[in-house]
Visitor: 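Structure provided below as structure tokens; questions to follow.
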Amino acid sequence: MKRKRGKEGGEEEEKEEEKNKRKMDIVWQTPAHPAHKDDYIFHNGKRYVRPYYFEFVSHVNKRWEGKTIVDLFTQEFRGRPNDYYVSAVKCGRIQVDGENIPVSYKVKRCQKISHFVHRHEPPVMAWDVAILQNEPDVLTVCKPASVPVHPCGQYRKNTVLGILQAEHGLSPLYPIHRLDRLVSGLLIVAKNPAKADIFRQHIEAGLVQKQYVAKVIGVFPECEQVVDANVDYNAREGRSTAEKRKTRRKMRSVVVIHKSLLCLLCRDFSFSKVGISNGDTTLKGKVACTKFTRISTNGIHSIVLCEPTTGRTHQIRVHLQCTGHPIANDMLYLSDNVVDRSTLGMTADRAAALSCSCPVTSCENHNEEYKVSSEDFSIDPMCSHCPNLAPNGYNGHEEGLWLHCVRYSGPGWVYECPYPDWASLS
């Protein structure tokens, strides 16, 4: 990182900065840097990423314009305290257009902001990303739960794409559909843009059929259930709601008696459950429909085949909630008393897990788990996450959803993934 000195800044700050430069031979990574095998640390059944130095780049938008550099970071990036941002600006870890600036500097529209950080990624479960099929233009894998598909938020190397690059040298890759981080199962990846575009055309034309399996609470009805309810995703809250249409369309129960005979049993469905909107206001959500078929039940849980005809965020999760049989370990849609994730600086699913009544080990004990020998990674004296291996705010308790993608099919192609162990009820 090359730093140009601003006009402001005392001699003491300059000496301290030079001292830090001599102390650490820093290589600042960017998104162009590939992941490698030795980037990972495996500990207590989890895959960690060795902390690394990274340059985050953003540009000032209309909402940010006129804010001081410290206020901007404190308000928009809550993962670190205000004191850290003050120090980062003073020592040049935060720059505007490649220049050091004072803490009172007010940003202007379209300026480039660089934040040089010691990056700690959240851990994921240490399961392999198993390759199912490796064709000339297509790769299919079984995505483990807890691993994001592609770089997002705090995750960059601890992603399916990062792991495939590090462990198999596969890059670039183009996912043709998405799976939520906590969802497992079939992921189809194109090896070139042309093949990815063919898949995209099939999906946009409605020619692709998708199948998932879920483990839900209670005895799911034996007859086929079709939920036709708009889904409205609130990005700030990190959760979706299902919206009932004004025409009071009914949820259909379909029983196949013979190939030539369908018995339609229609009934009103109460949308008063958590996450269901039944007001008279104009619907904000997108049209969504999911078909559910019970595979098995043991009287406590049921395994359900889920076939979404649309692809809305959290669609299967919120539509199962509509049926009265939510996914059995989906804390986000099991409870209406979910901790506000925006105040905790974490994902909605983690906030929901914190709000459940399950006993949780103290944060102090969790932090001990993430402290490893200083030989495993370099300690940055400015980093607010060091000496922990995981970033602050990670509570240590997480499991994958009991929702698994098993099959995608389209014109002339079919890809499948084995069922998970939890899909066998005793």
Side-chain angles (χ1 to χ4, degrees), residues 1-31 33 48-61 63-108 111-122 153-156 342-346 363-364 366-367 370-372 374 376-394:
M1 176 182 69
K2 295 182 179 180
R3 297 174 182 164
K4 299 179 182 178
R5 298 206 175 273
K7 295 181 180 179
E8 296 190 27
E11 292 183 0
E12 291 184 2
E13 292 178 357
E14 293 180 359
K15 290 179 180 179
E16 183 66 24
E17 186 177 350
E18 291 300 325
K19 180 181 177 181
N20 287 338
K21 282 183 178 179
R22 291 192 299 269
K23 188 175 181 179
M24 296 180 293
D25 182 17
I26 296 177
V27 176
W28 297 100
Q29 297 187 26
T30 68
H33 284 74
Y48 295 84
V49 173
R50 203 180 305 276
Y52 55 98
Y53 291 98
F54 187 80
E55 179 187 3
F56 281 102
V57 175
S58 57
H59 291 83
V60 178
N61 58 32
R63 184 163 56 87
W64 294 0
E65 186 176 16
K67 291 185 178 181
T68 68
I69 191 71
V70 172
D71 286 346
L72 189 158
F73 273 88
T74 302
Q75 295 168 13
E76 301 293 336
F77 305 99
R78 303 181 182 182
R80 291 179 170 85
N82 177 271
D83 290 345
Y84 164 82
Y85 291 123
V86 171
S87 298
V89 171
K90 287 182 177 180
C91 77
R93 287 281 182 98
I94 294 177
Q95 297 181 346
V96 176
D97 290 335
E99 298 278 357
N100 283 6
I101 37 86
V103 294
S104 59
Y105 183 84
K106 293 184 179 181
V107 299
K108 303 176 182 64
Q111 285 184 313
K112 174 188 171 183
I113 299 178
S114 295
H115 184 197
F116 301 93
V117 302
H118 193 232
R119 187 167 182 174
H120 293 237
E121 294 191 27
Q154 290 182 292
Y155 300 87
R156 188 170 79 90
S342 63
T343 60
L344 296 179
M346 62 177 63
C363 292
E364 182 179 351
H366 286 315
N367 287 339
Y370 307 140
K371 288 181 180 178
V372 296
S374 59
D376 290 327
F377 69 96
S378 60
I379 303 296
D380 181 6
M382 275 203 62
C383 180
S384 58
H385 300 306
C386 285
N388 294 341
L389 185 54
N392 297 331
Y394 181 80

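Nothing fancy with the numbering, it's 1 onward along the sequence. Keep in mind it's a predicted model, so treat the numbers as computed, not measured.
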Visitor: Might you point out which heavy atoms bring F116 and G92 nearest each other, and give the distance in Å?
Guide: CD1-O, 4.0 Å
Visitor: Strictly by modelled atom types, are Y105 and Q111 linked by a side-chain donor-acceptor pair under 3.5 Å?
Guide: yes
Visitor: Say you draw a straight line from CZ of F56 to CH2 of W28; how long is it, rounded to the nearest 0.5 Å?
Guide: 11.0 Å
Visitor: How close do T30 and F54 get, heavy atom to heavy atom, and via which atoms?
Guide: C-CE1, 3.5 Å
Visitor: As a quick check of understanding, evaluate side chain to side chain contact (heavy atoms under 4.5 Å, CB included) for V60 and V96, giving each step before the final call.
Guide: CA-CA 10 Å; V60 178; V96 176; over 6 Å; no
Visitor: Donor-acceptor check, side chain of E55 to backbone of S114, threshold 3.5 angstrom: yes or no?
Guide: no
Visitor: Does any N or O in the side chain of N388 come within less than 3.5 Å of the main-chain N or O of A390, such that one atom is a donor and the other an acceptor?
Guide: no
Visitor: What heavy-atom pair brings Y52 and R156 nearest, and what distance separates the two atoms?
Guide: OH-NE, 3.3 Å
Visitor: Looking only at non-hydrogen atoms, find the nearest pair between V86 and V70 and report the distance.
Guide: CG2-CG1, 3.9 Å
Visitor: Answer with yes or no whether the side chains of Q29 and R119 bring together a donor and an acceptor at under 3.5 Å.
Guide: no
Visitor: Is the distance between the ring centroids of F77 and H115 less than 6.0 Å?
Guide: no
Visitor: Between R80 and Y85, what is the shortest heavy-atom contact and its length?
Guide: O-CE1, 3.4 Å
Visitor: Is there a donor-acceptor pair under 3.5 Å between the side chain of N61 and the backbone N or O of R63?
Guide: yes
Visitor: Over all heavy atoms of both residues, which pair between F377 and P387 is shortest? Give the atoms and the distance, please.
Guide: CZ-O, 3.6 Å
Visitor: Under the salt bridge (Lys or Arg N to Asp or Glu O under 4.0 Å) definition, can you give me all pairs with a residue in residues 64-73, not counting sequence neighbours?
Guide: K67-E76
Visitor: Does any non-hydrogen side-chain atom of C386 lie less than 4.5 Å from one of H120?
Guide: yes
